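As the structure is a computational prediction, the values presented were derived from the model and not from experiment. Just so you know, residue 1 is the first one in the sequence shown, and it goes up from there.
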Amino acid sequence: MILTELDRPPQELERRTGWVIKPEGACRGAVCIPLPEPFDVRDLAQRLGMAVVHDEDHDLWGLGPESGGRALQTAELPDIVLPDREGRDFALRSLRGTKVFMVAWASW
């Protein structure tokens with residue numbers, strides 16, 4: 001997105017990224033990332049893993065897409081079915097509501 005100012009949320013932010021600026025911060029679905037006050041696009045970019053570049057000759061800013069930063073798409077585990085020790089299917093969803101410690105190992 002091309003920006004001319006940094007102190008207001010970009011008008012195209014929700015349409016292009018799905019993120020909406022609310023009093024709680026930057027929100028997409030049920031996930032909200034707190035933002036400091038006053039609003040600054042550079043804070044938004046840092047928290048969401050977006051690049052910000054400045055064209056000094058034209059005094060324009062560019063806000064890039066998310067690059068796999070720390071913001072989660074969702075905190076919900078996908079539906080996973082794995083074999084148990086006897087080879088029977090075990091659905092992880094059956095553990096919903098309980099605390100789980102999972103260990104994963106790979107030979108490579």
Side-chain angles (χ1 to χ4, degrees):
M1 279 180 277
I2 304 298
L3 310 173
T4 57
E5 56 193 359
L6 300 177
D7 60 349
R8 282 196 265 166
Q11 289 180 330
E12 302 257 324
L13 184 67
E14 182 177 8
R15 186 177 71 77
R16 292 187 178 229
T17 68
W19 290 99
V20 180
I21 304 304
K22 297 181 177 181
E24 312 81 281
C27 300
R28 181 164 60 190
V31 176
C32 287
I33 309 298
L35 294 173
E37 299 254 347
F39 180 85
D40 189 309
V41 169
R42 292 169 289 201
D43 293 323
L44 172 73
Q46 177 189 16
R47 304 241 173 142
L48 298 181
M50 299 172 158
V52 177
V53 293
H54 185 221
D55 177 350
E56 292 182 24
D57 293 339
H58 299 97
D59 199 27
L60 295 173
W61 296 82
L63 179 63
E66 292 173 67
S67 59
R70 287 182 264 147
L72 297 174
Q73 296 290 330
T74 178
E76 193 169 309
L77 180 69
D79 194 18
I80 298 173
V81 178
L82 300 170
D84 65 12
R85 290 183 289 194
E86 284 79 41
R88 296 177 301 216
D89 284 348
F90 178 79
L92 291 180
R93 73 178 165 275
S94 68
L95 300 172
R96 190 168 305 235
T98 62
K99 292 183 180 181
V100 176
F101 177 74
M102 184 182 290
V103 177
W105 176 79
S107 61
W108 67 89

Is any side-chain heavy atom of [X] closer than 4.5 Å to a side-chain heavy atom of [Y]?
X: L60; Y: L3; result: no
X: M1; Y: M50; result: no
X: W19; Y: I33; result: yes
X: R93; Y: I80; result: no

Are there more than 12 heavy atoms of other residues, nucleotides or ligands under 6.0 Å from atom CD of E37?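 No - once you tally the heavy atoms of other residues, nucleotides and ligands closer than 6.0 Å, there are 12 at most.
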Count the heavy atoms of every other residue, nucleotide or ligand shown that sit under 6.0 Å from CD of E86, and state whether that count exceeds 12.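 It does: E86 CD has more than 12 such atoms within range.
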For [X] and [Y], work out which heavy atoms get closest and say how close.
X: A26; Y: L44; value: CB-CD1, 3.7 Å
X: R28; Y: G18; value: CG-O, 3.4 Å
X: D59; Y: H54; value: OD1-NE2, 3.1 Å
X: C27; Y: K22; value: SG-CD, 3.9 Å

List the residues meeting side chain to side chain donor-acceptor pair (under 3.5 Å) with Q11, not counting sequence neighbours, and say none if there are none.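 In terms of side chain to side chain donor-acceptor pair (under 3.5 Å), with neighbours along the sequence ignored, Q11 is linked to no residue.
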Distance from L48 atom CG to L63 atom CG, nearest 0.5 Å?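 Nearest 0.5 Å value for the CG-CG distance: 8.5 Å.
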With L13, which of I21, V20, V41 fulfils side chain to side chain contact (heavy atoms under 4.5 Å, CB included)?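 Only one option passes, and that is I21.
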Not counting sequence neighbours, which residues clear side-chain contact (heavy atoms from CB on, under 4.5 Å) with R42? List them please.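 side-chain contact (heavy atoms from CB on, under 4.5 Å) list for R42, sorted by chain: L6, D40, V52, W61.
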